[in-house]
Amino acid sequence: RTMYSNLLDAVDFAAQKHSKQRRKNAEASPYIEHPIGVAKLIAQIGKVEDLATLQAAVLHDTLEDTNTTLDELKHKFGDEVAGIVQEVTDDKNLSKDERKRQQIAHAGHISSKAKLVKLGDKLHNLSSLQQIAPVGWKAKRIQGYFVWAHAVVAKLRGTNAHLEAALDQVFASSFKYDEGTFPTLPQNMETALEEYLNEMGEAGKTER
């Protein structure tokens, strides 16, 4: 079996697992756009050709957001791919704000391949947020997400210069909201991060 065949197995598996899920934008786009987009960014911008990394990128939300089990991933894709997916999976037993805090705390301690998936995931989500707001999100919440993602990415530095440069462009630019544009990062980052995490603690709703 070729690398391409094995990668397509992961795409097919993820498409079936996410088949009933939609993204939070106004168009309610099929969710599978996100994991495929993450793998595409890692391959095309990050110039990564490692099969396990690209498979894990396509599968990265299956443990967290579908009925997929770790044993299922191990059986179908092997221990390495399953392990990478597990590394980037949030513990849904924790509160939303605690999951956000844990991502910041743990980002620097995961494997290099898991860091690549994290970088691609953040780049895809942030690029989407620059163009269109999820339904119900206000400008302050969107900016808070950028601030939080910036804190996570800070722990991933030194992993892939190409992906990090693309993220730096995002962090130096703006996002659209209603008729206006706003800087992705505010001047007082520390205060904005704490406000965002506190807001997540109060919201109690699942976020990507």
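It should be emphasised that the depicted structure is a prediction, and the values quoted were computed from it without experimental measurement. Values below: every heavy atom of this structure, side chains too, minus hydrogens, waters and symmetry copies.
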(message) Assess, by modelled atom type and distance only, whether the side chains of D90 and Q103 contain a donor and an acceptor separated by less than 3.5 Å.
(response) yes
(request) To the nearest 0.5 Å, tell me how far Q130 CD sits from I142 CD1. (result) 11.0 Å
(message) Classify the ring geometry of H34 against H60: parallel below 30°, tilted from 30° to 60°, perpendicular beyond 60°.
(response) perpendicular
(message) Do V85 and F77 make a side-chain contact, defined as non-hydrogen atoms from C-beta onward lying under 4.5 Å apart?
(response) no
(message) Within the 4.5 Å heavy-atom criterion, are L54 and M3 side-chain neighbours or not?
(response) yes
(message) Nearest 0.5 Å, please: how far is CH2 in W148 from CE in M189?
(response) 13.5 Å
(message) Assess, by modelled atom type and distance only, whether the side chains of S95 and D97 contain a donor and an acceptor separated by less than 3.5 Å.
(response) yes
(request) Using salt bridge (charged side-chain N to carboxylate O under 4.0 Å, His left out) as the criterion, point out the one residue from K17, K92, K20 that pairs with D65. (result) K92
(message) Quick check: do L126 and T184 have side-chain heavy atoms less than 4.5 Å from each other?
(response) no
(message) Within the structure provided, determine whether L185 and V147 are in side-chain contact (heavy-atom separation under 4.5 Å).
(response) yes
(message) To the nearest 0.5 Å, what is the distance between CG on L51 and CG on N6?
(response) 5.5 Å
(message) If you define the side chain from C-beta out and look only at heavy atoms, does anything of I104 sit under 4.5 Å from K100?
(response) no
(message) For D12 and Q16, which I'm curious about, is there any donor-acceptor pair between the side chains at under 3.5 Å?
(response) yes
(request) Measure the spacing between NZ of K118 and CD1 of I84 and express it to the nearest 0.5 Å. (result) 13.5 Å
(message) List the residues meeting side chain to side chain donor-acceptor pair (under 3.5 Å) with T2, not counting sequence neighbours, and say none if there are none.
(response) none
(message) Just to verify, which of T159, T53, D50 counts as forming a side-chain hydrogen bond (donor to acceptor under 3.5 Å, both in side chains) with K113?
(response) D50
